[in-house]
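This structure is a prediction, so every number in the text was calculated from the model and none was measured.
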Amino acid sequence: MQHDLIAQARTWLAEDPDPETRAELAALVEAGDTQELAARFAGTLQFGTAGLRGELGAGPMRMNRSVVIRAAAGLAAYLKARGEEGGLVVIGYDARYKSADFARDTAAVMTGAGLRAAVLPRPLPTPVLAYAIRHLGAVAGVEVTASHNPPRDNGYKVYLGDGSQIVPPADGEIAAAIAAVGPLADVVRPEDGWQTLGEEVLEAYLARTDAVLAAGSPRTARTVYTAMHGVGTSVLTAAFARAGFPEPVLVAEQAEPDPAFPTVAFPNPEEPGAMDLAFATARRAAPDLIIANDPDADRCAVAVPDTAAEGGWRMLRGDEVGALLAAHLVERGASGVFAESIVSSSLLGRIAEKAGLGYEETLTGFKWIARVDGLRYGYEEALGYCVDPEGVRDKDGITAALLVAELASVLKEQGRTLLDLLDDLALAHGLHATDQLSVRVEDLSVIADAMARLREQPPTALAGLAVTSAEDLSQGTHRLPPTDGLRYHLEGARVIVRPSGTEPKLKCYLEVVVPVADAAGLPAARARGAELLAGIKRDLAAAAGI
């Protein structure tokens, strides 16, 4: 065992083009650290919900230049096998450690394989790459990003020529092509020959962002903005300036890209503590709302003044923002289909139905939402919103922020707030309260064990609500392809349990719907919703053994 590991490590070392990871791996071999070597050589990183994603480091189970070169070579082989010889591949990247290196390696591999490669001019939001694919008529796109993962991670997200992320069977076919890549020495990687795009591609994206707003709409909402140490600041402030909104007050400590993410434990607006500096800035600046992007600016978080909340500010849940944007688009006379993933609130379906609009439910991820025929608007509870599907067939935290600011401005002119509109929606459709039970694990077997336990002994009641039906989503349904997940329908509630596709987490998505007769009944309905969610969370954790 030890001899095999050392031999594998030495073979890897001989090919590794990166002096940093070579030195790291050589030190592990020298120290005879078989435990660490075993972790790094236990297999290879697999394409998941978002292509490749993992911790930076040497070896096939880590993100590094060797893994990226193989991924790029596999993608190039896949594209050529589909007759795309000479086609354009656009490459974007964020400001994480090694992102620029991975982008350059990808461009070199594509060029060496007989494809044309164009790299975005600098670290930019993921939606700019998704836009550029369609704008430039590319056959594929690659975004080097780990989104909101911890600082030590990086990732590799693949799009095809329609501007959407890959789905089966393409992901499996690309994975097979990656596995078939021979020695790295055989992968042709010229020193130049690809194009570095200028600012005109960003200008074209920014010109498109104006299209999400209604002509002549009010633009008065004042915002505090944080980029969470990511790449959003320059693009969002430019978009707000073009649209005529007041200049956002920046959370200074988090405004510039920094791959160390020094002020947050996890650079994700949903994580505890991540918004503390934004709240502190808002208490000084007294804006109408707070807007936050994640580090690659494809997600958008919103917080609002709330005297009942600790510190005077409250984060809106992704489901709340999703419903608010839907209501705003309906008010503006939108047509087409509204779509969301199965883990998002059922309120969107009720809004669409009342407005006479089409509605679709998909598997988790924008790679599915973006493919809905006739899509006008799509969202996912994890702070992802697609408000301009013709421009960006993915979630876009910049255009979503513009639309939120427009809605806040419209309401401000009426002397109302986003919270008032949420009350209206509860009165019209019932109070839809959502929450999540999310368990991060070191050992992935904990997740497998929990799923197995729930399959073998499904709960019959949660929080005193009877489970009326249980679906094993791994079998697929008449509307959904198979996915590893479980769905429970209860009397007035719904629960979905699934392993995360991008992080070592088990995620449980909870929703309860509480009827409410009039405005006076809202506080009691909210209390009942919170009580039920707490009970479901408690009972589900016990049933899953987590």
Side-chain angles (χ1 to χ4, degrees), residues 48-49 150 265-266 268 270-274 310 314-315 317-320 340-347 361 363-365 380-383 430-477 480 482-515 524-546:
T49 306
F266 287 96
N268 178 354
E270 294 178 292
E271 293 282 349
E310 186 182 342
R314 171 161 88 83
M315 272 279 285
R317 302 190 70 83
D319 284 319
E320 293 176 312
E340 65 181 340
S341 65
I342 56 172
V343 298
S344 305
S345 171
S346 59
L347 177 55
E361 205 176 44
L363 292 184
T364 311
E380 191 156 70
E381 56 72 46
L383 310 182
L431 179 79
H432 289 62
T434 59
D435 201 357
Q436 193 181 122
L437 171 62
S438 180
V439 182
R440 185 181 291 273
V441 301
E442 293 293 327
D443 180 359
L444 290 175
S445 69
V446 173
I447 294 175
D449 290 348
M451 294 297 289
R453 180 193 287 236
L454 288 171
R455 283 190 169 103
E456 288 159 17
Q457 297 175 295
T460 55
L462 297 168
L465 303 176
V467 175
T468 55
S469 69
E471 293 170 280
D472 187 341
L473 298 174
S474 66
Q475 309 301 311
T477 73
L480 297 170
T483 186
D484 186 9
L486 299 164
R487 177 161 59 181
Y488 303 110
H489 292 282
L490 299 88
E491 292 170 352
R494 184 215 65 200
V495 173
I496 292 173
V497 185
R498 62 178 280 272
S500 168
T502 55
E503 298 175 271
K505 281 182 174 181
L506 181 67
K507 290 186 161 185
C508 310
Y509 304 85
L510 325 174
E511 178 177 44
V512 298
V513 182
V514 183
R526 287 209 174 85
R528 177 61 177 156
E531 176 192 354
L532 286 171
L533 288 171
I536 292 172
K537 200 184 276 194
R538 178 192 64 236
D539 292 353
L540 186 62
I546 51 175

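With sequence neighbours excluded, the residues forming a side-chain hydrogen bond (donor to acceptor under 3.5 Å, both in side chains) with Ser346 are Arg350, Glu511, listed by chain and number. By the side-chain hydrogen bond (donor to acceptor under 3.5 Å, both in side chains) test, Thr460 pairs with no residue at all, sequence neighbours left out. Taking the side-chain contact (heavy atoms from CB on, under 4.5 Å) definition, one finds that Asp319 meets it with Ser344, Ser345, Tyr379, Glu381, Thr434, sequence neighbours left out. For Tyr509, the side-chain hydrogen bond (donor to acceptor under 3.5 Å, both in side chains) test picks out Arg498, with sequence neighbours left out. Residues satisfying the side-chain contact (heavy atoms from CB on, under 4.5 Å) criterion with Pro504, sequence neighbours excluded, are Arg440, Val441, Leu444. Among residues two or more places apart in sequence or in another chain, the salt bridge (charged side-chain N to carboxylate O under 4.0 Å, His left out) test is passed with Asp472 by Arg455. Under the side-chain contact (heavy atoms from CB on, under 4.5 Å) criterion, Ala544 pairs with Ala450, Leu454, Ile546, sequence neighbours left out. Listed by chain and number, the residues in a salt bridge (charged side-chain N to carboxylate O under 4.0 Å, His left out) with Arg314 are Asp306, Glu320 (sequence neighbours excluded). Remark: Arg453 pairs with Gln457 by the side-chain contact (heavy atoms from CB on, under 4.5 Å) rule, at least two apart or across chains.
A salt bridge links Lys505 with Glu271: at least one charged nitrogen is closer than 4.0 Å to a carboxylate oxygen.
Inter-residue side-chain proximity for Thr364 and Thr483 is flagged as unmet; no heavy-atom pair is nearer than 4.5 Å. The shortest side-chain heavy-atom distance between Leu506 and Met451 falls under the 4.5 Å cut-off. You'll find the side chain of Glu361 stays beyond 4.5 Å of the side chain of Thr477, heavy atoms only. The shortest side-chain heavy-atom distance between Ile342 and Leu473 falls under the 4.5 Å cut-off. Taking 4.5 Å as the limit, every side-chain heavy atom of Leu510 sits out of range of all side-chain heavy atoms of Leu462.
Listed by first and then second residue, the salt bridge (Lys or Arg N to Asp or Glu O under 4.0 Å) pairs involving residues 532-546 are Asp435-Lys537 (not counting sequence neighbours).
At least one donor-acceptor pair closer than 3.5 Å links the side chain of His432 to the backbone N or O of Gly430.
Closest of all the heavy-atom pairs between Pro482 and Leu363 is O-CD1, 4.2 Å. Here the closest non-hydrogen pair linking Val467 and Ala461 is CG2-N, 3.8 Å. The two residues Cys508 and Leu540 have their closest heavy-atom pair at CB-CD2, 3.6 Å. Taking every heavy atom of both residues into account, Ser341 and Gly365 meet most closely at CB-N, 4.4 Å. When all heavy atoms are compared, the tightest approach of Pro515 to Ala525 is O-CB, 4.5 Å.
Within the model, atoms CZ of Arg494 and OG1 of Thr468 stand 12.5 Å from one another, a figure rounded to the nearest 0.5 Å. For the atom pair CG of Leu486 and CD1 of Ile496, the computed distance is 10.0 Å after rounding to the nearest 0.5 Å.
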